[in-house]
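Here's the structure we're looking at; comments come further down.
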Amino acid sequence: MTQPEWWRDAVVYQIYPRSFADLDGNTIGDLAGITSRVPYLAKLGVDAVWLSPFYPSALADGGYDVDDYRDVDPAIGTLAEFDELTAALHAAGIGVIVDIVPNHSSNRHAWFQEALASPKGSPARERYIFRDGVGPDCAPPSDWTGAFGGSAWEPVGDGQYYYHMFAPEQPDWNWDDPDVRAEFIKTLRFWADRGVDGFRIDVAAALAKDFSANPLPSAAELAALPAGPDHPLFDRDELDGIYAEWRAVFNEYDPPRFAVGEVWLEDKRRLARYATGESLGQAFNFDLLRADFRAADFRDIVTTNLDIAGIAGSSSTWVLSNHDVVRHASRYGLPLTTPGAPFVGQGPTWDRDRKWLLTGGTDPAQDVGLGLRRAKAATAFILALPGSTYLYQGEELGLREVADLPASARQDPSFFRNPGFEVGRDGCRVPLPWTACGPSFGFGPAGAHLPQPAWFAAYAVSVEDADRDSTLNWYRAALKLRKELLAAVGPFEWVDSPADTLHFRRGKWQCFTNFADDPVALPAGEVLLASSPVDGAVPGATTVWLG
Ligand code: GLC
């Protein structure tokens, strides 16, 4: 990417490498598979891809348990193949964003193995968060639970425990340790030198921690503390120093490397500090992942996030699906919740209610047609907003959640650590269908590492490619048109509109969404794009772009 500000209004396509395309037939997607699909990405019209982790990993958390930050998992490829992929993407004008996982390593990381082999109090243990057990029976240092369930502390057999915010296979780094800081600077430079254009920063609000209280607060006390300078885990002030150092590294490159932080915070105003030009530069706004398809909620979310992006001098991000949540074509097929009662919770378990609705037989059944209609309407809505849009692989095919994976096929630790409570995130990670038949719908010459349902056939790339009215061809048209419209865009303004609709304009480009079930009158203007056929009126659950 040659323009320093390319990311501000980019369409970024998230690839979950293990589930994208498998060239070597080991049932796991690989980098060469992605390279073979660069023409597909180019035709889709995305500006950049974000690659979820492809580093060596035991897959205790789908690759977010990293053994070595500067290598490629042998099941996925080699560094040379990474370079080939980067070159192919760049040749197609597509940027490359890699995932940096700085909150924790895997328990197989050389430094963690060294820490286990080293005595209590040793410099090797200082790089992680080791604490003595409490009392005569060496109880865990606190009663905290990890994000995937179970204790957040794992005993190591000598009276000490280590802290893991996520799975026990993901020990948290100690960011007060200079070795850790230097190690990540080295990693950022390693990938930037290889030509990546940017970074997605995993769990970006959690790196800095304060475990100095003795005793540590109880889980109940912790839950009552707002994230911020007094919270031992989230959104502490010391993060500014860490990201200022990273910013200096990003700015060594021309154009400066870009970064977007995965930041889940209840107090939205706190998001701005991650998105400034002194820090990461952009922060994820996840509000639409939690919102129902309702005009008032969408409007509030847009207003708040444009505001925050303005305060930060950044651009907002819009996202409807990713590898952690129920695909939006399924979410929107469920009955709406009661107004004013948004889904609650945070992190990988917050949408468990929706997963239960999807897996709990057919009560209430998802309305597949309505789900996809609303999904396309919401996608057209966010694509028209100022800022950048993050798409998740497969949404361009209209894929919905694979909700009925058998327990024996599931891989996600949040399933295993929350029996009977959380089904986990595998349902949105099922390998993509490229053809309507074949051993794994064209994903690869062998099977797929998660079973694909029979209904995937109708959503295969080859099928949709050949169908003028497919979701895929609609995405292609929308992305192409968006690029053209952005060239002459004006300031964002809301336009008054009937109840249950939203209307905004950016100069001549207008976006109108009907969130209700019944049709409403089409506003004046030429229809440039519609998420479902428009015939004089705007049908329910439909977005139109007008010029
Ligand atoms: C982020 C990732 C998620 C992962 C977690 C721990 O939330 O998106 O997939 O499980 O961090 O790394």
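Sequence positions, counted from 1, serve as the residue numbers for this chain. Atoms within each ligand, like the ligands themselves, are counted from 1 in listed order. Predicted model only: the values in this text are computed from it and were never measured. Because only heavy atoms are used, hydrogens play no part in the values below, and waters and symmetry mates are left out as well, while side chains stay in.
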### Message
Suppose we screen for ring-ring contact (aromatic ring centres under 6.0 Å, His included). Which residues come up paired with Tyr243, at least two apart in sequence or across chains?
### Response
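Only Trp246 meet the ring-ring contact (aromatic ring centres under 6.0 Å, His included) criterion with Tyr243.
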Considering the heavy atoms of [X], write down every atom of ligand 1 situated less than 4.0 Å from one of them.
X: Arg429; answer: 9 (O)
X: Asp61; answer: 4 (C), 5 (C), 6 (C), 10 (O), 12 (O)
X: Arg425; answer: 3 (C), 4 (C), 9 (O), 10 (O)
X: Phe148; answer: 10 (O)
X: Phe166; answer: 5 (C), 6 (C)
X: Val203; answer: 11 (O)

Determine whether the aromatic ring centres of residues [Y] and [X] are separated by less than 6.0 angstrom.
X: Phe441; Y: Phe443; result: no
X: Phe298; Y: Phe381; result: yes
X: Trp318; Y: Tyr390; result: no

### Query
Mind checking what makes side-chain contact (heavy atoms from CB on, under 4.5 Å) contact with Ser142, not counting sequence neighbours?
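Only Trp144, Trp153, Leu216 meet the side-chain contact (heavy atoms from CB on, under 4.5 Å) criterion with Ser142.
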### Query
Salt bridge between Arg181 and Glu245, side-chain N to carboxylate O under 4.0 Å?
yes
### Query
So is there a nitrogen or oxygen of Asp202 less than 3.5 Å from a nitrogen or oxygen in ligand 1?
yes
### Task
Using the six-membered ring of Trp264, assess whether NZ or CZ of Arg290 lies under 6.0 Å from its centre and within 45 degrees of the ring axis.
no
### Query
Any idea which part of Met165 is under 4.0 Å from ligand 1, heavy-atom wise: side chain, backbone, both or neither?
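Near ligand 1, Met165 shows nothing, with every heavy atom at 4.0 Å or more.
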### Query
What do you reckon, does His104 put a non-hydrogen atom under 4.0 Å from ligand 1?
yes
### Query
Does Gln14 have a non-hydrogen atom less than 4.0 Å from ligand 1?
no
